[in-house]
There are 2 protein chains.
Amino acid sequence: MSELRQNLITRDWVIIATDRAKRPDQFANPKQLVAGLPPHRPDCPFCVGNEEDGTLETFRLCDRTGWKVRAIRNKYPALSPTTERMRISSGIHRTMSGMGVHEVIVEHPRHDLTTALLSIEDVANILFVYRERYLEIRKYPHIETIIIFKNHGESAGTSLEHPHSQIAATPVVPSQVRNRIDEAVRYFDDTGDCLFCRTLEDELAAGERVIFESKHFVAFIPFAALSPFHIWIFPRRHSSSFDDITDPEITDLAYTLKTVLAKLYYGLNNPDYNYSIRSVPTTEQGTKYFHWYVAIIPRVSKQAGFELGSGMFINTALPEESAEFLRSIVIPTSKDLGEIES
Amino acid sequence: MSELRQNLITRDWVIIATDRAKRPDQFANPKQLVAGLPPHRPDCPFCVGNEEDGTLETFRLCDRTGWKVRAIRNKYPALSPTTERMRISSGIHRTMSGMGVHEVIVEHPRHDLTTALLSIEDVANILFVYRERYLEIRKYPHIETIIIFKNHGESAGTSLEHPHSQIAATPVVPSQVRNRIDEAVRYFDDTGDCLFCRTLEDELAAGERVIFESKHFVAFIPFAALSPFHIWIFPRRHSSSFDDITDPEITDLAYTLKTVLAKLYYGLNNPDYNYSIRSVPTTEQGTKYFHWYVAIIPRVSKQAGFELGSGMFINTALPEESAEFLRSIVIPTSKDLGEIES
C-alpha cells in the first residue's frame, strides 16, 4: 500500500506510490550523456563575440581574459521596468500592467558547459551575479517578489543550449507564495520557531534523506518530495532572503550546488531540470519566519490530470531511496574525465 | 507591455505575455493528425476480448452488442480501499496510509477512437459511468475528495493508447482545493453569491471568451487562463458536486465536451490534453459557495522554472484571441470525413 505524506512547508499532501515505485536508476535519462556541443557557436547570441550592442546589458563580471558572467535584459521580457503601476479592478476582474524585471544571466562564455561540469569558482561567479542583480532589482519601484531560476534542457522549458539562468521580479506576491508565508507565520506564532530551521534540524537528525552537507548548506530530499529527486538546499544560518548571502557562503553554495547537480548529471545521465531560489517578498525582508532556499526539480516524471485536477502529487520514488542513491554517486574528477579545466 | 491578470477563483496572478504572444494556430501540434491506430490490438489490456478475469471490474455499461464503457480498479493503484485510516504525526512529519480509490474508466471498446471523434451518445455513456462510480465511491469510508480526470497523449502523462480516463478518491482535502474553498467562502460571506455563478454571468455578459454554449453548460477561456487554451466548462445551474448532474444535463455535457474537444482536435491538430472534473469535498456536498466544473488543459506549452519557483504562470496566448479562434473552428460531420459511425 502506498503512503500519504504531508509537506508542512507547502501543506501539500503527496502520494508516495511505493507499489509502483521504480528503482532510482530507472529515472535516468535515456539520451546520450555527452551532448557533443561545440564550445562556441557562431549563431548563438550568448557566445563570445556575438553579444548584442550592449544596450541590454545590466552587469558584467570580468577578469583579464574577458567576461565570465553577464546579466542582460531579456529581449522578449515577460515583465518590463516602468515607474507606473496601473491596477484596474472591474467587477471580479483584476488587471495590472506587466511591470517588473526579466533578465537573463549568461553563465559562462563557453557554449558547451553546464553547472554540473563547471569549476566551483565558475559557479560562485554566477551566484555572485545573482546577488548583485537581486540587490539592484530590489530597489526598483513596486517590486514585491524576486525569483531566480534556471531551465536546463528542453523538457524543463528551454530551447537555448548556451548555459543561462533568469531573474524575474513581479509587482505582486504570487498566491502560492502568500499561502506558504501564511503557514510559516502560523507555525512561528504557535512555536516561536522558523518552520524551515525546524525542518532542517529534523532532516539532519534523521539523516536518511540528506544528500550532501557543507559548512553552510544542507541538500536533502524533502520528506514529502513532490516528484522523484525533488531536492531542497537550505542555508544553515537563518535568513529570509537570498541577497543576504555572504561571500564565504556564496563559495560554499557553489560547492554544494555543483556537487548536487553533478550527482544528478552522473547518476541520472544529465536529466533536464529546473532550479529556483525562493526568498521572502521584498517588503517582508529580514523576517524571522521565512527562510530562503534553493529547490531543484529534475524533469524525470510528468504531471498528469490528477496533479492538475487536485494540486496533489503522486511520487513514484521513495525519498529515502533516492537520497541514498545520490549519496552513493561519486563525481569523477577532471583528471578522470580528461577534461580541459575551463 | 504584457498584462497581469488575477483569477479570482484560484487567486493566481497570470502574466499574459502579449509581446511574445503567438497566433492561435502556432500552438497546433506538429505531428500527424491521423495517428493511424488499429481499431483493435491483441496486446491492449482494454480492447474487447482482452479483459482481465473480471475481479477488477466495478461497473459495466452494456447494450445488446456487448460492453460500451467499463470501470475497473487500477491494477497498480496509487490509493487502495481499506476500512482503516492510519494517521501518524511525528514531530513536523505527517503520514497516512495510502487509502482511497483509484479506478480506470475504459471509455469505448474501440482502440482507435478519442472523445473528439465519438458520438454524443458514446460520450454520454462515459459521463454516466463517471456519475455511477462517483455516487458509489462517495460511500466508501474516509473519502474526502473525488477527482475524475483524463490524460490524453504522452505529454499529458499517459502511455496507453486505448481511450480511458481515471477516478481517484483521496482521504484528505488537497491544500490547493482547501485554499480555493476558503476563497469561495470568503466571497460568499462578503457578497452572498457563489463566485463561480458570478464568474459565469460575467463571462456570458462579456462574451469574448466564450467558446461554446449549450442549454445547461458554458465553455469559456478564463479571463486569467493559466496556459494557452486553458478551458473551463461550467454548469449554468448552481451545484457543488458532479454527482448531482441530471440525465438531461449528462447528454448536454456530452454535447458540450465533445464539441470543445473536437474544436481542439481540428483547430490544434489533436493536441495532448488533460481534463479534470472538480467537485467540492464530499463532506461539504450541497454547499452554496462551491460550483463543480470541468477544466481542460491542452499541453501546448511547458511549465518552466518561473512557474515552479513562484506558482505564477506566463501565458503566451491572449485568452480572447484563443476563444475567437476556437469559436471559428467548424467540426466536420461524419459524412464529410467518410468515417464509420462507431
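Residue numbers start from 1 in every chain, and the chains themselves are labelled A, B, ... in the order their sequence lines are given, proteins ahead of strands. Every heavy atom of this structure was used, including side-chain atoms; hydrogens, water molecules and symmetry mates were not.
Chosen from A/P171, A/A224, A/S155, the residue pairing most often with chain B at heavy-atom distances under 4.5 Å is A/S155. Heavy-atom pairs under 4.5 Å with chain B were tallied for A/L8, A/I92, A/I15; the largest tally goes to A/I92. Chain B forms the most heavy-atom pairs under 4.5 Å with one residue out of A/N151, A/D202, A/I277, A/L226, and that residue is A/N151. Among A/R5, A/R198, A/K150, the residue making the largest number of heavy-atom pairs under 4.5 Å with chain B is A/R198. In terms of non-hydrogen atom pairs under 4.5 Å with chain B, the most contact-rich of A/E154, A/Q166, A/M96, A/R180 is A/M96. With chain A as partner, the option from B/N179, B/I314, B/I297 having the largest number of non-hydrogen pairs under 4.5 angstrom is B/N179. Contact count versus chain B (heavy atoms, under 4.5 Å) is highest, among A/V14, A/V177, A/V172, for A/V172.
A heavy-atom distance below 4.5 Å is not found between the side chains of A/R178 and B/R11. Taking 4.5 Å as the limit, every side-chain heavy atom of A/T170 sits out of range of all side-chain heavy atoms of B/S310. Considering only heavy atoms from C-beta on, A/L308 comes within 4.5 Å of B/R299 through its side chain. Contact of the A/T145 side chain with the B/M312 side chain is not registered, since no non-hydrogen atoms from C-beta on lie closer than 4.5 Å. Counting heavy atoms from C-beta outward, B/D12 and A/P174 have side chains that stay 4.5 Å or more apart.
Here the shortest heavy-atom pairing between A/S276 and B/G305 reads CB-O, 4.2 Å. Nearest heavy-atom pair across B/G157 and A/A304 is CA-CB, 4.1 Å. The two residues A/W13 and B/R94 make their nearest non-hydrogen contact at CZ3-O, 4.0 Å. B/F149 and A/F306 get closest at one heavy-atom pair: CD1-N, 3.3 Å.
Heavy-atom distances place both the backbone and the side chain of A/L79 under 4.5 Å from chain B. Contacts of A/A78 with chain B are made by both backbone and side-chain atoms, with heavy-atom separations under 4.5 Å. Using a 4.5 Å cut-off between heavy atoms, A/E307 does not touch chain B at all. Interface remark: A/E201 contributes no atoms to any contact with chain B (heavy atom separation under 4.5 Å). Neither the backbone nor the side chain of A/Y273 comes within less than 4.5 Å of any heavy atom in chain B. Residue A/H102 touches chain B through its side chain alone, counting heavy-atom pairs closer than 4.5 Å. Only the side chain of A/R87 comes within less than 4.5 Å of a heavy atom of chain B; its backbone N, CA, C and O stay farther away.
Here the CG-NZ distance, from A/D272 to B/K302, works out to 9.0 Å after rounding to the nearest 0.5 Å.
Below 30°, between 30° and 60°, or above 60°: for A/F223 and B/H93 the angle between ring planes is below 30°, a parallel geometry.
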